[in-house]
Peer 1: 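Dumping the structure here so I can ask a few things about it.
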Amino acid sequence: MKNSALYIHIPFCDHKCIYCDFYSIITSDNVNSFLNSIKKEISYYSEKYNHDRIFTSIFFGGGTPSLMEPQYLKEILDNLKNNFNVDHKAEITMETNPGTVDKEKLKQFRQIGINRISIGIQSFDEDDLKFLTRIHDKQTAIQTVNNAAEVGFENISLDLIFNLPNQTKGKWIENLETALTLPIKHISTYSLILEPGTILNKMVLNGKVKMQDDDYDAELYETTIDFLNSMGFEQYEVSNFSKPGFECVHNNAYWKYKDYLGFGTSAHSFVDGKRWWNYTSLKKYISEVELNNNAVMNSETITNEQMHDEYVMLALRSSGLDLNEYKKRFSEDWISKTLPYFNLLQEQNLLTIESDWIKLTPKGYAVCDEILKNIL
Ligand code: SF4
């Protein structure tokens, strides 16, 4: 039986944040039709892909899944469990935004079986939150984390964004310090990226906002790694840190190149070397599922070369390249050819080579993209 992952994209949001390029909509008109479509899609894929695999994680992403009623997610969860072999210890994550859940609602999410919560806080600084057009303030963010812990979530993650315009190093460290006063086991930190088509991008192009430069971004990133490592949060991917034993099972499935099935608008799937993705528009998604029981917009079969490069990239960005696993999948030519460069990186303290494992150091994570460009 293969270990695989399940992803559900819930596209509904309260409003559109200025920096966000995820597909999300702010009207709830089609909430019920969407639920029916998801159920149909689940049933369609279970017939094809359930026989040889066990699903070890379920991830509700978005959008804002925590906007939905717990009963809504329960129906999806029950459907998944009835249609797929879901491991009884599966990690079941829900992305949550402060301002969309009170303690009672969190309690109900816990009761329906969500056992990991990933809270999109982004910043504890009131000015940053206003700039990002988040709907919550610092106090609501803190309260949400504490409420989650009080109703029984042991596995709590939060997201923070650094290198915001005018964010000083001191302010960023304050953010990290505040996060670590809370009962969390995992932190994801992302640098603010300018995505084409976002409101923020327009603001920058119009000269209303000035982004900070790349060197400062790198400095904040290295500060983050040093700080979180010193506080017992181990880095296991370029942007992700956890207490030992609390690495995200679901994201690790992506990074270890395991299969996954995705349902809902814009969701991607990757099974047996084939990748496909759904229509992004909610209306199109619903009408396609109505017609065909699936909403595939396009697909690709991964070539051997693509597979190799994706595998190496994902491994080096996360817990490293397991050479035994690598040799089972690919010929050793590339490793032999690249070894002198790996040795050089080891001398520069950017990477460690142990008998059957090649892993970036914290300093190496900071220049991961450059390393990947040189080897792939
Ligand atoms: S809440 Fe999240 S998904 Fe929705 S618009 Fe804001 S950043 Fe995007």
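Order of appearance sets the numbers: ligands from 1, and atoms from 1 within every ligand. Just so it is clear, the structure is predicted and the values come from calculations on it, not from any experiment.
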Peer 1: State whether Y365 and R317 meet the cation-pi test: NZ (Lys) or CZ (Arg) under 6.0 Å from the six-membered ring centroid, and within 45° of the perpendicular axis.
Peer 2: no
Peer 1: What's the count of protein N, O or S atoms under 2.8 Å from atom 6 (Fe) of ligand 1?
Peer 2: 1
Peer 1: As an exercise, identify every atom of ligand 1 less than 4.0 angstrom from a heavy atom of Y19.
Peer 2: 7 (S)
Peer 1: Can E69 and K74 be counted as an ion pair, charged N to O under 4.0 angstrom?
Peer 2: no
Peer 1: Looking at F124, does the NZ or CZ of K138 lie under 6.0 angstrom from its six-membered ring centre and within 45 degrees of the ring axis?
Peer 2: no
Peer 1: Measuring only between side-chain heavy atoms, which start at C-beta, is F34 closer than 4.5 Å to I10?
Peer 2: yes
Peer 1: Could you pull out all residues at least two apart from S57 that satisfy side chain to side chain donor-acceptor pair (under 3.5 Å)?
Peer 2: H250
Peer 1: Tell me, please, which residues at least two apart from Y341 pass side chain to side chain donor-acceptor pair (under 3.5 Å).
Peer 2: N374
Peer 1: Going by the salt bridge (Lys or Arg N to Asp or Glu O under 4.0 Å) test, which pairs reach into residues 158-179, not counting sequence neighbours?
Peer 2: D125-K171, K169-E219
Peer 1: Considering non-hydrogen atoms of the protein only, which is the closest contact for atom 3 (S) of ligand 1, and what is the distance?
Peer 2: G63 N, 3.4 Å
